[in-house]
Amino acid sequence: TRYKAFLTHIFTPFVLRNKPLKNKGHILVVDDEPSMRTTLSILLKREGYQVSQAAEGGEALKILERMKCHMVLTDLKMKGMDGMALLRQVKAVSPHTEVLIFTAYGTVDSAVEAMKSGAYDYMKKPFDEAELLLKVARGLEHSALVKEVHALKEALKSHKGEEIVAKSKGMEEV
């Protein structure tokens, strides 16, 4: 039994680390560099996210038409449709989908423009993996909370305050 306990102690972290995680959400990675798309996809899949990839903005929009994505990670500078134009299109089609923009050519002006256009966050390449994963998790949490608030507001609009159920005569008079 001590040998079994020893093996459990040694191998449990390995098994837990390599165990597939529950799907935490669907993320679309958009970048014209295949190596960046692959790297981000591996990182996100390892954390339990479902990941789709697109090489440019038009392809990303076609994917968004076919399937629901909770978050879009996009490069700012790409051939064809750039990240800023993609951000605006995503927000027009799916306002609750969070968009995180990353770029190697970041400026304060582009970051401000992205945030004003509805980006959840903005990161400069190269970025720290832990920081990226934290921003993704917070972005998805923010999206879920916004959806919940929206649903509650809609439920409140449809609720009529005249539907009070009362058993006492005094309460019925009120």
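We count residues from 1, following the sequence as given.
Residue M84 is not grouped with residue M123 when hydrophobic side chains (ILVMFWY) are merged at heavy-atom distances under 4.5 angstrom, including chains of intermediate members. By the rule that hydrophobic residues join a cluster once side-chain heavy atoms approach within less than 4.5 Å of another member, L73 and M78 end up as members of separate clusters. Neither L145 nor L156 shares a network with the other; the hydrophobic side chains, linked directly or stepwise wherever heavy atoms of I, L, V, M, F, W or Y lie under 4.5 Å apart, form separate groups for each. Linking Ile, Leu, Val, Met, Phe, Trp and Tyr whenever their side-chain heavy atoms come within less than 4.5 Å leaves L134 and L40 in two separate clusters. No continuous path of hydrophobic side-chain contacts links V93 to V72 [ILVMFWY only; heavy atoms under 4.5 Å].
Among pairs with a residue in residues 130-148, those fulfilling salt bridge (charged side-chain N to carboxylate O under 4.0 Å, His left out) read D121-K135, E131-K135, at least two apart in sequence or across chains. Applying the salt bridge (charged side-chain N to carboxylate O under 4.0 Å, His left out) rule to pairs touching residues 77-89 yields R88-E113, sequence neighbours excluded.
For the residue pair S143/H70, the side-chain donor-acceptor check at 3.5 Å is not satisfied. Y122 and S110 share a donor-acceptor pair across their side chains, judged by distance under 3.5 Å alone. H142 and E98 are linked by a side-chain donor-acceptor pair at a separation below 3.5 angstrom, with hydrogens and angles left out of the test.
T74 places no side-chain N or O within 3.5 Å of a backbone atom of I101 that could act as its donor or acceptor partner. The backbone N or O of G58 lies less than 3.5 Å from a partner atom in the side chain of E56, making a donor-acceptor pair. Panel note: side chain S94, backbone V90; no donor-acceptor pair is recorded below 3.5 Å.
The side-chain contact (heavy atoms from CB on, under 4.5 Å) test with D75 is passed by exactly one of D31, V30, V29: D31.
Cation-pi geometry between K24 and Y49 is satisfied (NZ or CZ under 6.0 Å from the ring centre, within 45° of the ring normal).
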Exercise for the section: Evaluate the side-chain contact (heavy atoms from CB on, under 4.5 Å) criterion for residues M71 and V99: first the C-alpha distance (whole Å), next the side-chain angles of each, then the deciding distance (0.1 Å), finally the verdict. Expected result: CA-CA 6 Å; M71 180 173 247; V99 179; over 6 Å; no
Exercise for the section: Check the pair L152, E154 against side-chain contact (heavy atoms from CB on, under 4.5 Å), reporting the backbone distance first and the verdict last. Expected result: CA-CA 5 Å; L152 290 171; E154 290 301 313; over 6 Å; no
Exercise for the section: Could you go through the side-chain contact (heavy atoms from CB on, under 4.5 Å) check for F102 and L76 one step at a time? Expected result: CA-CA 6 Å; F102 53 88; L76 182 63; over 6 Å; no
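One finds the CG atom of L87 at 14.5 Å from the OH atom of Y120 (value rounded to the nearest 0.5 Å). The distance from the CD atom of E47 to the CG atom of L133 is 5.0 Å, given to the nearest 0.5 Å. With rounding to the nearest 0.5 angstrom, the CG atom of L61 is 11.5 Å from the CZ atom of R66. The distance from the OG1 atom of T97 to the CG atom of L28 is 9.5 Å, given to the nearest 0.5 Å. With values rounded to the nearest 0.5 angstrom, L140 atom CG is found 5.0 Å from I27 atom CD1.
Two residues are said to be in side-chain contact when any heavy atoms from C-beta on lie closer than 4.5 Å; M36 and Q53 fail this criterion. Using a 4.5 Å heavy-atom threshold, the side chains of L132 and L43 count as touching. Within the 4.5 Å cutoff, no side-chain heavy atoms of K68 are placed close to those of L64.
Ring geometry, H150 versus H96: the interplanar angle falls from 30° to 60°, so the pair is classed tilted.
Between E59 and K62 there is no salt bridge, since none of the side-chain N atoms of the basic residue sits less than 4.0 Å from a carboxylate O of the acidic one.
In terms of heavy atoms, P95 sits closest to K91 at O-NZ, 3.1 Å.
Cluster partners of V108, by chain and number: V112. The rule joins Ile, Leu, Val, Met, Phe, Trp and Tyr whenever side-chain heavy atoms lie under 4.5 Å apart.
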